[in-house]
2 protein chains.
Amino acid sequence: MTVTLADVAARAQVSPATVSRVLNGNYPVAASTRERVLRAVDELDYVLNGPASALAAATSDLVGILVNDIADPFFGIMASAIQAEIGGPGGRAGGERLAVVCNTGGSPERELTYLTLLQRQRAAAVILTGGAVENAPHAAAVAAKLRKLADAGTRVVLCGRPPAPDTGAIALTFDNRGGGRELTEHLIGLGHRRLGYIAGPEERTTTRHRLEGHRAALEAHGIEDDAGRTVYGRYDRRSGYEATLELLRRDPSLTAVVAANDSVALGACAALRDSGLRIPEDVSVAGFDDLPFSIDAVPSLTTVRLPLSEAGARAGRIAMGREEPPPGGIATIRGELMVRGSSGGPRVS
Amino acid sequence: MTVTLADVAARAQVSPATVSRVLNGNYPVAASTRERVLRAVDELDYVLNGPASALAAATSDLVGILVNDIADPFFGIMASAIQAEIGGPGGRAGGERLAVVCNTGGSPERELTYLTLLQRQRAAAVILTGGAVENAPHAAAVAAKLRKLADAGTRVVLCGRPPAPDTGAIALTFDNRGGGRELTEHLIGLGHRRLGYIAGPEERTTTRHRLEGHRAALEAHGIEDDAGRTVYGRYDRRSGYEATLELLRRDPSLTAVVAANDSVALGACAALRDSGLRIPEDVSVAGFDDLPFSIDAVPSLTTVRLPLSEAGARAGRIAMGREEPPPGGIATIRGELMVRGSSGGPRVS
DNA sequence: AGCGTCTCAGCAAGCGCTTTCTATTCAATA
DNA sequence: TATTGAATAGAAAGCGCTTGCTGAGACGCT
C-alpha cells in the first residue's frame, strides 16, 4: 500500500491534521512537532496525494498552457517562458505548480476539449497562446468556456492572442497589424512595388492581422493590391515553398515576398533559390517572429521580432497573480522590425 | 455553486451511482436511463470533478512528458507525436487523457521535482525524453523514483534515453553511438583527417554516446584523436558558433566540423562563414537529428536523421498500453545518415 | 407455479486530504 | 491566586466521486 497522511501522523505521534498543517505551512505548529513530522515524512518517503488534496481544498496546482503547435519554436519559446514563471520546480518556494502544455494543433475542437479537461481538473490558471480561430460559433463556445473557467476561479490569460471581450480574461496581444505594416513599409521604402504575400491559414486572427497590416502599408503608398498576389497556406516551411512557386507562376516579375512567419519565409527562400533567383538581389524576402534560426539563414532574415519570452514570462506572472494585469485587462505588445540581409532594393528590370 | 454529480442525479431522477456509471460507461445502464442522464448533464452543463474522480477511483488521466527543453524542436516534435497518441482530445474515444509536458531545462533537480509532482498526481504514465544526466547520485535518485512510480502502477517509458535498469521502465533508445560513428565515417571516407568535434554538455548520455561514436570512427581508421579537437558546449546555436571559433583558433587547418546536433551545426556554419571560410569547399560541417530547418540551411546540412515522430508515437502507444513493449523492455532505434550539401571532400592544401 | 438467472438501479462505505471548531496548556496579567 | 488569552494540537465533518454489494423486477426454464 501507499503511504498516507495517517501513516505519517501515526509515526510522528500526532494527528493527521497536524501533518497536513506542517506540509502546508499555513498554520502555526511548534518547531519540535514540525521536525518530528518532517522526519516521519522523510522516513516513510511520503508523497502527498494530489487528487485528495485538490478535492478537499477545492483548488489544484495545475496550470494549463494551450499552444497551437508544440513542435513550433514560436510556441515552445512562449511555453518555456511561462513555465519558468509558473515556478514549477525551481521557482520560488511555496507554490509548486504543474504546468500542463496542451497541444491543440490549431483545431477548434481540441481547444475546447482541452479547456474542458482543464476545467475538470479545476486548474488554477489557463493560458492560451497564439492566434485564435476566427469562426463565430467556435469563438462563442470558447468565450463561454473561458467565462465559466473565470467564474470558477481559474485565472485566464491570453498571450499573443486577441482579447476575448466579456470573459474576464487578461489579454497580452501582439501588434501583428502594426508589425506587418512596418515590414511592408520597409520594403516599399526600399523601392519595391510588386510584393507577393504568403499568408497563414485562413480564419486565424494572426493571419488576418498581419495581412491587414501589409495591405494598409500598400494602400498608404498608393500601391494597388492585386488579390492574386496573396496566397494562403499553413505556418510551415513547406507551405512557404509551394506558395512561392505559385506566386512566381502568377507573376514572375515579383521583387519581394512577404511571409506570414519565419518558417514560411525560409521555405520561400528555398523556392526562390531553386528557381534560380538570388536573395535579395533578385527578390527580397521578409518573415515574421524572428525565431532563433532566422538569423542563421543565408542571407539572414529581415523580420519582425516579437518578444516571445518576455510576453510569456509576463503572462505567467499574471496568471500566478504575481503581477498586476494591465489596465483594462488588455496590453498590446509591439514587434520590432529587424532589417537584415534578405531584403534589399529591387532589381532594375 | 458548481454543479455536482448529485445535482445531475436529482435532475435525471436516478442515483448518483447511475450517473457515474453512465459517464464512465463501464457498467450496463438501460438506454432510456442513459439518455435521461445525458440530457441532464447537458442541461446543467455539468463537468466532472477530476480530483474527486481520481481520488475515488485511485487513478488519474494525467500523462506526464518530461523534456529537457521545450523550445527545442527536437523535444517539441517528440512531445507532439506522443501527445497525438496519448489521444488527448481527438484521440480514440474513451481515454481522454491530459498530456502534461514538463520542461526540466536539463536540470536534475527539476527533473526529480517534476517526477514527484507527477507521482503526487498519481499520473497514469510518465514518458521521459532525451538524454539523461550522467551523475551517479542523481541517476540513482531518478531510478529510485521511476521504480516507485512503476510500483504505484504508473507506466514509465523512456524515449530517446538510455535504459534505466531495474526500474521497470520501457526504453526506446536512439543509437547515438552508431549514428555518430556513421557520420564521422562518412567524412573520413570523403578524405577528411583533421576533424573538429563540438560536443554537447558534459555529463549527458547523448553527448557521451555521440562523441564515442565519433571517436570509434576515428580510431577505426587510425586517425589519432587529439583531445584539443573536441570542445564541449550546450546544445544551441550560440554554443556552436563560439566552439567553432575556438576550434579554428586551436587548429586553422581543420577540414571538417562535426557538431553534437543541428542547431550547433548551424552555429558552426555561421562562424565559419564569418571567418571567411566556405562550406563545404573549405570546411565540411555535419549535424545530428535532422530537424526540419536543417534542410533549409545553405548548404543543406549533412546529418543523422532520428525518427523523432515515430519514436514519440511508439512511446505514446506503449505508455497507453496500446502497443506491446519491445522484448526485454528495450528497443534501439537507429538513425539514418543524410548526406547533403554541407559535406564534401577536404580542400587540398 | 416455482425457481434460478439476468439486467439494471440504489445504498452506503469509503478514497486521503483540509479545515472549522473545540480542547488543552501555559504564561502573563489583574 | 484567579483570570485571560495566546499558542498549539486534535476530533470530526466533509470535499465529490466510485464501486462492491444488495435488491427488485423480468424472463425463461422445468
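Numbered from 1 within each chain, the chains take letters A, B, ... in sequence-line order.
- When the C1' atom of D/dT19 is taken as reference, atom CG of B/Leu23 falls 15 Å away, rounded to whole Å.
- One N or O on the side chain of A/Thr205 and one on the backbone of A/Ala132 form a donor-acceptor pair closer than 3.5 Å.
- Summarising the geometry, the separation between CG on B/Leu48 and P on D/dC15 is reported as 17 Å, rounded to the nearest angstrom.
- At whole-Å resolution of the value, OH in B/Tyr27 and C1' in C/dC8 are 7 Å apart.
- Among D/dT8, C/dT19, C/dC11, the nucleotide with an atom closest to any side-chain atom of B/Ala17 is C/dC11.
- Across all strands, B/Asn26 comes closer than 4.0 Å only to sugar-phosphate atoms, never to a base (heavy-atom distances).
- Using modelled atom types and a 3.5 Å distance limit, the side chains of A/Ser15 and A/Thr18 yield a donor-acceptor pair.
- Set against D/dC17, C/dC21, C/dA12, the side chain of B/Ser53 has D/dC17 as its closest nucleotide.
- Put simply, the side chain of B/Val126 does not reach to within 4.5 Å of the side chain of B/Arg155, judged on heavy atoms.
- The minimum heavy-atom distance linking A/Val3 with A/Leu44 is given by the pair CG2-O, 3.6 Å.
- Side-chain nitrogen and oxygen atoms of B/Asn24 include at least one within less than 4.0 Å of the OP1 or OP2 phosphate oxygen of D/dT18.
- Candidate nucleotides D/dT8, C/dC17, D/dG16 were compared by shortest atom distance to the side chain of B/Tyr46, and D/dG16 ranks first.
- The two residues B/Ala124 and B/Ser60 have their closest heavy-atom pair at CB-O, 3.5 Å.
- Residue A/Ser20 has its side chain nearest to C/dT19 when only D/dT19, C/dG16, C/dT19 are considered.
- Protein atom CG of A/Leu55 is 6 Å distant from nucleotide atom C1' of D/dG16, rounded to whole Å.
- The side chain of B/Ala56 lies closest to C/dC15 when the candidates are C/dC15, C/dA9, D/dG10.
- Rounding to whole angstrom units, CG of residue B/Leu5 and P of D/dT19 are separated by 12 Å.
- Residue B/Arg21 contributes atom CZ, which lies 11 Å from atom P of C/dC11 at whole-angstrom precision.
- Going from atom CZ of A/Arg122 over to atom P of D/dC15 covers 14 Å, rounded to whole Å.
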